[in-house]
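In this text, all values refer to a predicted model and were calculated from it rather than measured experimentally. These values consider heavy atoms only, across backbone and side chains, with no hydrogens, waters or symmetry-generated copies.
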Amino acid sequence: MSIGSTIKRLRLEKGMTQEQLAEFLGLSTNAISQWECDKTAPDISNLPVLANIFEVSADILLGIDLAKNKKQAEIEEFKEKYAKLHSQGKTEERVLLSRAMQKKYPNDETVRHHLMRALQNEDVDKYFEEIVSLGEQLLQSKKTEYRMGAIRGLCLTYLHKGDRKTALQYADMMPPAEDLHLHVLEGDELVMHCQNYFWKIFDKMYVYLLYLIDCPEAGYTFEEKHSMLKMLYDMIGMIFSDKDFGFFDDRLARISFFMAAQSAKAGKLERALDELEMLIAHLEKLQSFSQIEHTSLLVNKIKFSSDNITKHTEEPLGHFYWRHLNRVLADAYAPVKDSARYIAIKERLAAL
């Protein structure tokens with residue numbers, strides 16, 4: 001729709017005559033008539049005033065808004081056709097469809113993203129330079145999906161060409177959750193990368209689990225929280241099947257303590273005492289830990305030293321737990337506070 005047609009439509013919607021509009025603008029009625037017949041166009045200085053009179057944006061006056069809507073509809077239709085062709089394994093047709101859209105919208109990120117994917121599926125060697133060009137343009141995208149897709153695409157494209165050095169540079173750009181090093185590294189580096197994954201993932205799981213069970217909105221009962229902690233405790237035991245825990249004695253000690261807390265709150269006090277004794281066993285092992293060369297199969301290339309363990313306080317090892325038993329969890333353990341077993345547990349913790 002031309003700007004003259006738009007002015008006429010907006011004027012009529014406002015119930016305004018050409019004479020009234022001309023008066024507002026300080027122009028002749030003939031000038032308005034000339035605009036609406038598309039014989040002339042408003043001076044750019046008139047656009048803000050017209051937008052204010054009609055209570056619309058300048059984009060609507062210029063027809064840009066309609067063009068945007070039309071483009072968006074065509075892009076959505078393109079994505080649907082592309083997805084259908086993809087589901088049918090029709091790679092060449094996806095390339096042709098994407099190229100047709102690229103001619104119409106050469107700077108559109110969605111089109112670039114889909115074309116890059118199609119070219120990678122079609123023939124990396126043939127389209128190498130074009131894939132790299134599209135990827136480098138998409139690295140500037142504000143859309144995470146397109147930016148991450150470009151990094152992944154560039155990494156795997158260079159890897160396909162045998163350029164591991166450049167592929168690794170792109171792999172380093174990826175967030176840890178989107179690990180591309182798995183595809184790029186080789187030999188001992190690949191072994192260590194995979195083993196470090198198993199070592200680190202359970203440390204992350206420990207943190208995520210604590211946040212999850214601490215969130216009231218999750219709605220877990222004491223028994224459910226205990227079960228979840230026990231699952232993680234057992235999984236760590238599976239990874240370190242030779243009981244070569246090293247640093248993970250700290251994590252297992254903490255999990256044991258939190259399990260005991262949930263048991264006590266649920267009224268399972270004998271179980272809680274068992275778990276507090278598990279806590280002490282792990283703390284005693286940790287106290288004598290200096291370094292370890294893991295032997296369990298999933299981590300048997302990893303060496304770890306106590307020098308790599310960070311501390312947030314100089315508080316003695318067992319004092320944190322002793323303090324919590326006496327203050328934070330005093331009510332939960334009240335029924336057994338005078339039992340010989342519980343008193344012995346607190347004494348052992350105080351001594352650590």
Side-chain angles (χ1 to χ4, degrees), residues 1-86 93-119 127 129-151 153-154 173:
M1 184 178 289
S2 68
I3 188 169
S5 300
T6 301
I7 291 172
K8 183 176 181 179
R9 175 177 61 82
L10 294 172
R11 176 178 62 76
L12 293 173
E13 286 176 1
K14 285 288 185 182
M16 189 181 298
T17 65
Q18 288 184 342
E19 289 78 7
Q20 289 172 322
L21 179 57
E23 187 177 346
F24 278 129
L25 294 168
L27 299 171
S28 67
T29 304
N30 185 56
I32 306 301
S33 177
Q34 293 287 308
W35 291 351
E36 294 185 358
C37 292
D38 291 320
K39 292 180 179 179
T40 61
D43 186 87
I44 194 168
S45 62
N46 295 132
L47 294 181
V49 184
L50 285 166
N52 187 51
I53 291 170
F54 296 135
E55 298 179 294
V56 296
S57 68
D59 279 357
I60 290 178
L61 275 174
L62 295 170
I64 294 173
D65 193 62
L66 293 173
K68 284 181 180 178
N69 290 338
K70 180 185 177 185
K71 177 187 173 182
Q72 189 57 42
E74 290 181 352
I75 293 293
E76 290 302 317
E77 184 181 0
F78 158 70
K79 288 164 62 177
E80 289 177 12
K81 289 180 179 178
Y82 184 101
K84 186 175 182 180
L85 291 171
H86 200 174
E93 288 84 346
R94 284 161 55 207
V95 172
L96 293 173
L97 176 66
S98 300
R99 289 209 184 284
M101 283 299 285
Q102 187 187 41
K103 287 181 180 179
K104 193 166 189 177
Y105 300 113
N107 298 316
D108 186 83
E109 290 183 344
T110 299
V111 176
R112 284 176 180 163
H113 171 72
H114 285 74
L115 177 58
M116 181 180 179
R117 290 172 58 197
L119 293 176
Y127 298 113
E129 291 184 2
E130 187 175 3
I131 291 168
V132 169
S133 176
L134 289 166
E136 289 176 347
Q137 292 174 62
L138 287 166
L139 288 178
Q140 310 306 316
S141 175
K142 293 181 180 180
K143 289 189 177 181
T144 302
E145 176 191 356
Y146 295 166
R147 195 168 60 254
M148 295 299 103
I151 294 171
L154 288 165
M173 294 170 64

Participant: Compare all side-chain heavy atoms of I44 with those of L47 and state whether any distance is below 4.5 angstrom.
Facilitator: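 Touching, per the 4.5 Å side-chain cut-off.
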
Participant: What distance separates I75 CD1 from D108 CG, expressed to the nearest 0.5 Å?
Facilitator: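 Here the rounded value is 4.0 Å.
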
Participant: Quickly, which of Y105, Y82, Y146 forms a side-chain hydrogen bond (donor to acceptor under 3.5 Å, both in side chains) with T110? Name it, please.
Facilitator: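 Per the side-chain hydrogen bond (donor to acceptor under 3.5 Å, both in side chains) rule, the option paired with T110 is Y146, out of Y105, Y82, Y146.
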
Participant: Could you please spell out the steps behind the side chain to side chain contact (heavy atoms under 4.5 Å, CB included) verdict for L115 and E130?
Facilitator: CA-CA 10 Å; L115 177 58; E130 187 175 3; 3.9 Å; yes

Participant: Going by atom types alone, do E129 and S133 pair a side-chain donor with an acceptor below 3.5 Å?
Facilitator: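 Distance-only check fails for E129 and S133.
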
Participant: Hey, is CD on E136 packed in by over 12 heavy atoms from elsewhere, all under 6.0 Å?
Facilitator: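 It does: E136 CD has more than 12 such atoms within range.
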
Participant: If we only count heavy atoms from C-beta on, is the L21 to K14 side-chain gap below 4.5 Å?
Facilitator: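 Result no, sub-4.5 Å side-chain heavy-atom pair not found.
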
Participant: What's the separation between atom CG in L119 and atom CZ in R94, rounded to the nearest 0.5 Å?
Facilitator: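 Between L119 CG and R94 CZ, I get 9.5 Å after rounding to 0.5 Å.
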
Participant: Between D43 and S45, is any side-chain donor less than 3.5 angstrom from a side-chain acceptor?
Facilitator: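 Judged by distance alone, the side chains do pair up.
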
Participant: Give me the atom names and distance for the closest heavy-atom approach of L97 to K81.
Facilitator: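 Of all heavy-atom pairs spanning L97 and K81, the closest is CD2-CB, 3.7 Å.
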
Participant: Salt bridge (charged side-chain N to carboxylate O under 4.0 Å, His left out), that's the test. Do K84 and E80 meet it? Break it down for me.
Facilitator: CA-CA 6 Å; K84 186 175 182 180; E80 289 177 12; over 6 Å; no

Participant: Would you mind reporting whether I32 and K8 have side-chain heavy atoms less than 4.5 Å apart?
Facilitator: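 K8 does not reach I32 side chain to side chain.
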
Participant: Could you walk me through whether L50 and L10 satisfy the side chain to side chain contact (heavy atoms under 4.5 Å, CB included) test, starting with their C-alpha distance in whole Å, then the side-chain angles of each, then the deciding distance to 0.1 Å, before giving a yes or no?
Facilitator: CA-CA 10 Å; L50 285 166; L10 294 172; over 6 Å; no

Participant: How about K104 and E74: do any of their side-chain heavy atoms sit closer than 4.5 Å?
Facilitator: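 A side-chain contact under 4.5 Å exists here.
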
Participant: Quick check: do L139 and M173 have side-chain heavy atoms less than 4.5 Å from each other?
Facilitator: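 In short, these two side chains touch, coming nearer than 4.5 Å.
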
Participant: Rounded to the nearest 0.5 Å, how far does CG of L154 lie from CG of L134?
Facilitator: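 It is 9.5 Å, given to the nearest 0.5 Å.
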
Participant: If you compare all heavy atoms of A150 against all heavy atoms of G135, which two are closest, and at what distance to 0.1 Å?
Facilitator: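 Scanning both residues completely, I find the closest heavy atoms to be CB-O, 3.5 Å.
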
Participant: NZ of K39 to OG of S33: how many Å apart, nearest 0.5 Å?
Facilitator: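 Here the rounded value is 7.0 Å.
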
Participant: Where do N107 and R112 land on the side chain to side chain contact (heavy atoms under 4.5 Å, CB included) test, with the steps shown first?
Facilitator: CA-CA 8 Å; N107 298 316; R112 284 176 180 163; 3.4 Å; yes

Participant: Hey, is the main chain of S141 close enough, under 3.5 Å, to the side chain of R147 for a donor-acceptor pair?
Facilitator: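 Answer holds: yes.
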
Participant: Please report the interatomic distance CD(Q20) to CZ(R11), rounded to the nearest 0.5 Å.
Facilitator: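 The CD atom of Q20 sits 9.0 Å away from the CZ atom of R11.
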
Participant: Please report the shortest heavy-atom distance between V111 and S98, naming the atom on each side.
Facilitator: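 Nearest pair, atom of V111 first, then S98: CG1-O, 3.7 Å.
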
Participant: How long is the span from the CD atom in E109 to the CD atom in Q140, to the nearest 0.5 Å?
Facilitator: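 Between atom CD of E109 and atom CD of Q140 there are 9.5 Å.
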
Participant: Can you check side chain to side chain contact (heavy atoms under 4.5 Å, CB included) on T29 and T17, steps first, answer last?
Facilitator: CA-CA 9 Å; T29 304; T17 65; over 6 Å; no

